[in-house]
Amino acid sequence: MRKAWTTQKLVQSSSAAGAVAAAGATITGRVELAPALRERIAPGDTVFVFARPADGSRMPLAIVKRTAGELPFEFTLDDSQAMTQEMRLSTQKNVIVGVRVSKTGDAMPKAGDLQGTSQPVAVGSKGVRLVIDETVK
């Protein structure tokens, strides 16, 4: 059921992507893996890149799903990747951008997952560098 909702959500939101980009509610950057952790991932591991409010809720405002085999890669987050219409990048001034590598493909963090986070950045930031450099405990 969740998969169907996600697919429907992506189809519905793709037409909004152009409007969002024009409004400047995007964050772009690059995800890299710390060399010391290279042996701990497999090409098929799931990589989630997300933005959440700098203050308050930890629920993601936007999320992109890729695979570890694509690392390093460039990303763009915008309102078309929102989990809900009420929680969008364009409703925030500052966010934390994070990345998590999951062996199970589950978006919820689990002990042993690898991750990295940014300091708070302004919505509209370009060139945010995320380094996967720590283990979820």
For side-chain contact (heavy atoms from CB on, under 4.5 Å), just list the numbers for V101 and R40, CA-CA rounded to whole Å, side-chain angles, deciding distance to a tenth of an Å, and then say yes or no.
CA-CA 10 Å; V101 179; R40 299 205 24 215; over 6 Å; no
Output, in order, the C-alpha distance, side-chain angles, deciding distance and verdict of side-chain contact (heavy atoms from CB on, under 4.5 Å) for L130 and S118.
CA-CA 6 Å; L130 290 174; S118 74; 4.1 Å; yes
Run E134 and Q115 through side-chain contact (heavy atoms from CB on, under 4.5 Å) and show every step you take.
CA-CA 5 Å; E134 58 186 13; Q115 67 182 3; 3.2 Å; yes
Checking V97 against F75 for the side-chain contact (heavy atoms from CB on, under 4.5 Å) test, could you report, in this order, the C-alpha distance in whole Å, the side-chain angles of both residues, the deciding distance, and whether it holds?
CA-CA 11 Å; V97 183; F75 69 88; 4.0 Å; yes
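Counting non-hydrogen atoms of neighbouring residues, nucleotides and ligands closer than 6.0 angstrom, the CG atom of D55 reaches no more than 12 such neighbours. When the shell of 6.0 Å around NZ of K110 is examined, it contains more than 12 heavy atoms from other residues, nucleotides or ligands. Within a 6.0 Å radius of CD in E39, other residues, nucleotides and ligands contribute 12 heavy atoms or fewer.
Nearest heavy-atom pair, E74 versus R66, reported as atom, atom and distance to 0.1 Å: O-NH1, 3.2 Å. Here the shortest heavy-atom pairing between D133 and G116 reads OD1-CA, 4.1 Å. Closest non-hydrogen pair, M87 versus A82, comes out as O-CB, 3.6 Å. Nearest heavy-atom pair across S102 and G105 is OG-N, 2.9 Å. Across all their heavy atoms, A111 and K137 have their closest contact at CB-C, 4.1 Å. Closest approach of F50 and I63 over heavy atoms only: CB-CG1, 4.1 Å.
Separation of atoms CG (D45) and CD1 (I132) is listed at 10.0 Å; rounding is to 0.5 Å. The CZ atom of R52 sits 11.5 Å away from atom CD of Q92, with the distance rounded to the nearest 0.5 Å. Atom OG1 in T46 sits 11.5 Å away from atom CD1 in I41 (nearest 0.5 Å). Going from atom OG1 of T84 over to atom CG of L61 covers 8.5 Å, rounded to the nearest 0.5 Å.
A side-chain donor-acceptor contact under 3.5 Å links D79 to the backbone of S90. Proximity of a side-chain donor or acceptor of R100 to a complementary backbone N or O of A107 within less than 3.5 Å is detected. Judged by distance alone, the side chain of Q81 and the main-chain N or O of T76 form a donor-acceptor pair under 3.5 Å.
Connection of I27 to I96 is not established within any shared hydrophobic cluster, with ILVMFWY side chains joined at heavy-atom distances below 4.5 Å, either directly or through further cluster members. Criterion: ILVMFWY side-chain heavy atoms under 4.5 Å apart, direct or through other members. Under it, L37 and V136 are not part of a common hydrophobic cluster. Under the 4.5 Å side-chain heavy-atom criterion for Ile, Leu, Val, Met, Phe, Trp and Tyr, V64 and L114 are members of the same hydrophobic cluster.
Of the residues L89, T28, V128, the one that meets the side chain to side chain contact (heavy atoms under 4.5 Å, CB included) test with L77 is L89.
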